[in-house]
Amino acid sequence: MELVSGNPHSFQYTLNSAIMPYKEPKIEKLYYSIGEVAKIFDVNTSLIRFWEKEFDIIKPHKNKKGNRLFTQKDIDNFHLIYHLVKERGMTLKGAQKKLKENKEGTENNFEVVKRLQDIRQLLVEIKENI
C-alpha cells in the first residue's frame, strides 16, 4: 500500500494498483433527535414514534421539554426493526415475536447481512477503480 499525492484531507492509497480513498472515521453522538433518526432511515418522525410505542427495546431519554433523545443503542435497535419490517417484509407482530424469542440470533443474523453488504460495496468500489 502506498500513499498517492493529493490534498491532505483526501488521502488516497493504492492497493495493488487500485486507488482507495481515505475515509474519515465516523463521529458518533451521544444522543440523536427524532428528526435525525428519521433522516437516518429516510422515514417520517411519526413512524419513529410509532415504532417506539410498538417495540419495547426502544427506550429514548426525554429532556425537560419532553423531546426524545435516542442513544446509539436505540439507533442499533431501529436498524434491527427496519431490517425486519422494511427489508425482510415482516409484519409488526412477526418482528415483535422474533425479537422477543431470539433477539441475540436476530442481531447476529443482521450483523452478518450488514457485513456482507459492506464487503460487496467495497468490492464494487474496487471494481470501478480498476
Begin with the C-alpha distance, continue with both residues' side-chain angles, and end with the deciding distance and a verdict on side chain to side chain contact (heavy atoms under 4.5 Å, CB included) for Q72 and I75.
CA-CA 5 Å; Q72 185 58 49; I75 303 291; 3.9 Å; yes
Side chains of [X] and [Y]: closer than 4.5 Å at any heavy-atom pair?
{"X": "V85", "Y": "L92", "answer": "yes"}
{"X": "I81", "Y": "I57", "answer": "yes"}
{"X": "F55", "Y": "L99", "answer": "yes"}

How long is the gap from CD1 on I48 to CD1 on I34, to the nearest 0.5 Å?
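Going from the CD1 atom of I48 to the CD1 atom of I34 covers 6.5 Å.
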Roughly how far, to the nearest 0.5 Å, is CZ of F70 from CD1 of I40?
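These two atoms lie 10.5 Å from each other.
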If you count heavy atoms of other groups shown closer than 6.0 angstrom to NZ of K97, is the number above 12?
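Incorrect, the count does not exceed 12.
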Worked verdict on L47 versus F41 for side chain to side chain contact (heavy atoms under 4.5 Å, CB included):
CA-CA 10 Å; L47 182 61; F41 295 98; over 6 Å; no
Backbone of E125 reached by a side-chain donor or acceptor of N129 within 3.5 Å:
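A pair under 3.5 Å: yes.
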Tell me the side-chain hydrogen bond (donor to acceptor under 3.5 Å, both in side chains) pairs involving residues 84-96, sequence neighbours left out?
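Output for this query lists E54-Q96, H83-E87.
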Pairs satisfying side-chain hydrogen bond (donor to acceptor under 3.5 Å, both in side chains), at least one member in residues 38-53, at least two apart:
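Matches after skipping sequence neighbours: E52-R68.
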Contacts of type ring-ring contact (aromatic ring centres under 6.0 Å, His included), residue F50, not counting sequence neighbours
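For F50 there are no ring-ring contact (aromatic ring centres under 6.0 Å, His included) partners, ignoring immediate neighbours.
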Report whether V112 and L80 are members of the same hydrophobic cluster (ILVMFWY, side-chain heavy atoms less than 4.5 Å apart, transitive linking).
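In one cluster: no.
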Please tell me whether V124 and I126 are part of a single hydrophobic cluster in this structure, the criterion being side-chain heavy atoms less than 4.5 Å apart.
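The answer is no; the residues belong to distinct hydrophobic clusters.
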Please name all residues satisfying salt bridge (charged side-chain N to carboxylate O under 4.0 Å, His left out) with E107, sequence neighbours left out, ordered by chain then number.
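Applying salt bridge (charged side-chain N to carboxylate O under 4.0 Å, His left out) to E107 gives K103.
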Please identify each residue that fulfils salt bridge (charged side-chain N to carboxylate O under 4.0 Å, His left out) with E111, with sequence neighbours left out.
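Result, salt bridge (charged side-chain N to carboxylate O under 4.0 Å, His left out) vs E111: none returned.
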Angle class for the H61/Y31 ring planes (parallel below 30°, perpendicular above 60°, tilted otherwise)?
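Answer is perpendicular, since the angle exceeds 60°.
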Residues in side-chain hydrogen bond (donor to acceptor under 3.5 Å, both in side chains) contact with T71, at least two apart in sequence or another chain
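side-chain hydrogen bond (donor to acceptor under 3.5 Å, both in side chains) list for T71, sorted by chain: D74.
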